[in-house]
Amino acid sequence: MSTRRIFFSQLALDARIGILEHELRATQPLHIDAEIDVDISQPVHDQNIQTVLDYRLLRNAIVQECTQAHVNLLETLIEQVVDRLLRDFAEISRVRIRISKPNAFSDCAAVGIELQRSR
């Protein structure tokens with residue numbers, strides 16, 4: 001069986017995340033990188049989006065999961081995102097997600113968490 005990889009590079013959004021006082025009062029930027037492997041079960045028909053996994057649906061699920069409620073820890077958020085993708089999209093065989101906070105520290109570009117899970 002063949003696999004197709006869908007990826008997102010530095011998807012930027014504002015989320016309510018963190019345990020520090022200033023994080024509890026306001027949103028902060030997150031960057032999300034994702035690699036999503038999809039088992040190919042049918043040929044691609046250029047005129048039919050139903051023959052592929054529509055990456056707009058994946059993006060919407062990631063954004064919704066990251067912005068629907070305050071989450072204290074990046075570790076919790078990344079687990080929720082991976083769980084949602086695997087639950088909602090049966091054709092996914094592997095997910096690798098990296099979520100980072102670009103403004104967490106002034107002496108580095110970002111700090112974050114990466115999680116990979118396969119079925």
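Residue numbers start at 1 and run along the sequence shown.
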Crowded around Ile19 CD1? As in, over 12 foreign heavy atoms under 6.0 Å? no
Taking every non-hydrogen atom, the tightest pair across Val71 and Gln80: CG2-OE1, 3.7 Å
Given Asp37, which partner from the list Arg4, Arg96, Arg94 fulfils the side-chain hydrogen bond (donor to acceptor under 3.5 Å, both in side chains) test? Arg94
Cluster link Phe8 to Leu85, ILVMFWY, side chain under 4.5 Å: yes
What is the distance from atom CG of Asp33 to atom CD of Glu114, rounded to the nearest 0.5 Å? 8.5 Å
Any idea which heavy atoms bring Ile113 and Ile78 closest together, and the distance? O-CD1, 3.3 Å
Shortest non-hydrogen contact from His31 to Ala12? CD2-CB, 3.9 Å
Using a 3.5 Å cut-off and no angle test, enumerate the donor-acceptor pairs between side-chain atoms of residues 61-68 and protein atoms at least two apart in sequence or in another chain.
{"unit_1": "Gln64", "atom_1": "OE1", "unit_2": "Arg84", "atom_2": "NH1", "d": "3.0"}
{"unit_1": "Gln64", "atom_1": "OE1", "unit_2": "Arg84", "atom_2": "NH2", "d": "2.6"}
{"unit_1": "Glu65", "atom_1": "OE1", "unit_2": "Arg84", "atom_2": "NH1", "d": "2.9"}
{"unit_1": "Glu65", "atom_1": "OE2", "unit_2": "Gln68", "atom_2": "NE2", "d": "3.1"}
{"unit_1": "Thr67", "atom_1": "OG1", "unit_2": "Val63", "atom_2": "O", "d": "2.7"}

I need the minimum non-hydrogen distance between Leu30 and Ala15, along with the two atoms involved. CD1-CB, 3.6 Å
State whether the number of non-hydrogen atoms from other residues, nucleotides or ligands found under 6.0 Å of Arg87 atom CZ is greater than 12. yes
Taking every heavy atom of Leu57 against every heavy atom of Phe89, the minimum-distance pair comes out as O-CZ, 3.8 Å
Give me the one residue out of Ile17, Leu20, Asp14 that meets side-chain contact (heavy atoms from CB on, under 4.5 Å) with Gln28. Ile17
Looking only at heavy atoms, which two atoms of Leu24 and Gly18 are closest? And how far apart? CD2-O, 3.5 Å
